[in-house]
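Step one of this worksheet: look at the structure below.
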Number of protein chains: 2
Amino acid sequence: MAGVTAPARLDPRVVRSRRKVIEAATELFLRDGYVATTMDAIAAAAGVSKRTVYNNFDDKDALFTEVVLAASSTAEAFIADAVAELARPDDLRRALATVADALARTATSPRVVQVRRLIIGEALRFPVLAAGYYRAAPGAVIEALAAAFAALADQGRLHLDDPRVAADQFAYLVVGSLIDRALFDGHGSDPDPAELRARAAEGTATFLARYAVPPS
Amino acid sequence: MAGVTAPARLDPRVVRSRRKVIEAATELFLRDGYVATTMDAIAAAAGVSKRTVYNNFDDKDALFTEVVLAASSTAEAFIADAVAELARPDDLRRALATVADALARTATSPRVVQVRRLIIGEALRFPVLAAGYYRAAPGAVIEALAAAFAALADQGRLHLDDPRVAADQFAYLVVGSLIDRALFDGHGSDPDPAELRARAAEGTATFLARYAVPPS
DNA sequence: CCTACCGATCGGTAGG
DNA sequence: CCTACCGATCGGTAGG
């Protein structure tokens, strides 16, 4: 089209090369870590020149930040599902077990585990970024669970004093052990779905042993 | 001295320089990570030549392995104390709370947190080493707790089917949330002792809500 | 044990 | 004329 020039940011070539750089950088940072990933390797994997990488990102730090922030999105989908599941459920135990199972599967997925490894390993180098990821992902999950538990307590369906403590306990009862083992398992063994379900059920049982409203 | 040469391994100069290299390497690996730590920097921090470093360790990987394995010892002290505490206690709840508090303090200590960050961040590069650390530290703690809980169940003081599940739940009820937050907190904020005690007490309460033997 | 040095590669930028 | 992009290379530094 002639006349008024479209903004450079919307040039389809720019959009495409920028996206390819982010995809390549994500793959390499997750696999090799921050220091061992070179800008040359990112450019090569993206199929662009290094100049193009630097046209889109000020420096390596800025590209790393972009990659990590984009990786926080997994938590959002889980939170939306969990909140819906816990809103006035017919069967509370069943709803909690469903949320626990989703949490176990999400938290042990190879992608999420590797994102955690990358950020934890760079927490001293990028403290602000690490804190931001915590707030946007695991922290946001705990907050959402705490809000849901507080609502259930208001409905008289849970008996608890501190929703935050209850949310922490529920989450780490279910996934604490699974996450810890996954983080140290560099061979990336697939978690056994049956074990995930068992841990979800056991965690739910212990949670309800403390917080269920006693039958009156 | 003349005559039969003493084994090089026992030469006090060798012992001393080897120890200085390990100390310097530990400090730098923990602070900067594997890739960003250079052999030159280690030699300089240890006050020896780079040649001396390579006289004691085949390569960077071997030195890293030595440093990480030496860091597994924190768990041993905790395990010995916990096993003693849980052997036929007068007050079970009190004994569990004491173990929980010790676990919370150990797991959130800056040194342990930084060792975890280092190994987790390098789990893909050193999968065997990461698995070895898991087995020797967090895994060994869980095993010790499971054995103690099984003994308490045999004594009729806990009611449980699977000691391993119970041990996982106890440990991560108490420290799961604390460890996760600490790992992502690159600013190294000191954990609040009062919060550690509160989490230990809350975790113990939830654990006993499920596993305490009902008063008959 | 040190100085010196290797093949290679780093993050970032030049000119065209 | 613009934006996007290239081949080539900068000064320094890596593990060994």
Side-chain angles (χ1 to χ4, degrees), chain A residues 1-29 31-68 118 122 125-126 129, chain B residues 5-6 8-29 31-68 118 121-122 125-126 129:
Chain A
M1 333 284 187
V4 245
T5 43
R9 291 277 143 204
L10 295 183
D11 186 320
R13 293 171 302 177
V14 175
V15 173
R16 186 160 170 280
S17 62
R18 186 185 170 88
R19 200 203 41 194
K20 289 201 298 182
V21 169
I22 289 189
E23 287 172 0
T26 301
E27 186 184 345
L28 294 177
F29 279 137
R31 194 189 66 193
D32 298 331
Y34 178 77
V35 181
T37 297
T38 72
M39 295 296 267
D40 283 300
I42 291 170
V48 304
S49 78
K50 207 156 55 158
R51 197 68 189 81
T52 299
V53 175
Y54 281 99
N55 281 344
N56 281 286
F57 302 95
D58 283 350
D59 51 27
K60 195 184 184 183
D61 284 24
L63 178 52
F64 184 73
T65 300
E66 192 96 356
V67 164
V68 167
L118 177 64
E122 301 297 342
R125 211 188 308 270
F126 296 95
L129 187 62
Chain B
T5 43
R9 291 277 141 205
L10 296 183
D11 186 318
R13 293 170 304 176
V14 174
V15 173
R16 186 160 170 280
S17 62
R18 186 185 170 88
R19 193 188 35 116
K20 289 200 298 180
V21 168
I22 289 190
E23 286 173 359
T26 300
E27 185 185 345
L28 292 178
F29 280 137
R31 194 189 66 193
D32 298 331
Y34 177 77
V35 181
T37 297
T38 72
M39 295 295 266
D40 283 302
I42 292 170
V48 303
S49 79
K50 210 156 52 159
R51 198 69 186 75
T52 300
V53 175
Y54 280 98
N55 281 344
N56 281 285
F57 303 95
D58 284 349
D59 50 27
K60 195 184 183 184
D61 284 24
L63 178 52
F64 183 73
T65 300
E66 192 96 356
V67 164
V68 167
L118 177 64
E122 302 297 341
R125 212 187 309 269
F126 297 96
L129 186 62

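- Here salt bridge (charged side-chain N to carboxylate O under 4.0 Å, His left out) pairs that include residues 33-52 of chain B, with residues two or more places apart or in two chains, are B/Asp40-B/Lys50.
- Looking at residues two or more places apart in sequence or on another chain, you find no side chain to side chain contact (heavy atoms under 4.5 Å, CB included) involving B/Ala44.
- Both B/Thr52 and A/Thr37 lie close to DNA chain C; mapped to their nearest nucleotides by heavy-atom distance, the more 5′-ward contact belongs to B/Thr52.
- Across D/dG16 and C/dA4, the matching C1' atoms stand 13 Å from one another, rounded to whole Å.
- Separation of atoms CD (B/Glu27) and CG (B/Asp32) is listed at 9.5 Å; rounding is to 0.5 Å.
- Residues passing the ring pair (Phe, Tyr, Trp, His ring centres under 6.0 Å) test with B/Tyr54: none are found, sequence neighbours excluded.
- Backbone-only engagement by A/Thr38 is indicated by non-hydrogen atom pairs under 4.0 Å involving sugar-phosphate atoms exclusively.
- Contact check for B/Arg125 versus B/Val35: side-chain heavy atoms found under the 4.5 Å cut-off.
- Per the geometry, CG belonging to A/Asn56 stands 16 Å off C1' belonging to C/dT13, to the nearest Å.
- Atom OH of A/Tyr54 is separated from atom P of D/dA4 by 18 Å (rounded to the nearest Å).
- Here A/Thr52 pairs with A/Ser17, A/Val48, A/Ser49, A/Asn56 under the side chain to side chain contact (heavy atoms under 4.5 Å, CB included) rule; sequence neighbours left out.
- Across the protein-nucleic acid pair, A/Tyr34 atom OH and C/dC10 atom P stand 14 Å apart, rounded to whole Å.
- At whole-Å resolution of the value, CE in A/Met39 and C1' in D/dT9 are 17 Å apart.
- Rounded to whole Å, the distance from CD1 on B/Ile42 to C1' on D/dG16 is 13 Å.
- Mapping A/Arg51 and A/Asp40 onto DNA chain C via the closest heavy atom, the residue that lands nearer the 5' end is A/Asp40.
- Listed pair A/Ser49 / D/dC5 fails the phosphate criterion, with no side-chain N or O lying under 4.0 Å from OP1 or OP2.
- Rounded to whole Å, the distance from CZ on B/Arg16 to P on C/dC1 is 10 Å.
- The side chain of B/Lys50 lies closest to D/dG15 when the candidates are D/dC5, D/dG15, C/dG11.
- Under the salt bridge (Lys or Arg N to Asp or Glu O under 4.0 Å) criterion, B/Arg19 pairs with B/Glu23, not counting sequence neighbours.
- Scored by the ring pair (Phe, Tyr, Trp, His ring centres under 6.0 Å) test, B/Phe64 finds B/Phe29, B/Tyr34, B/Phe126 as partners (sequence neighbours excluded).
- Within residues 57-66 of chain A, the residues that have a heavy atom under 4.0 Å from DNA chain C are, in order of number, A/Asp59, A/Lys60.
- For B/Thr26, the side chain to side chain contact (heavy atoms under 4.5 Å, CB included) test picks out B/Ile22, B/Leu30, B/Val67, B/Arg111, with sequence neighbours left out.
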Pairs counted as Watson-Crick or G-U wobble with both distances under 3.5 Å: what dot-bracket string results for DNA chain C, using | for bases tied to another strand? ....||.|.||.|.|.

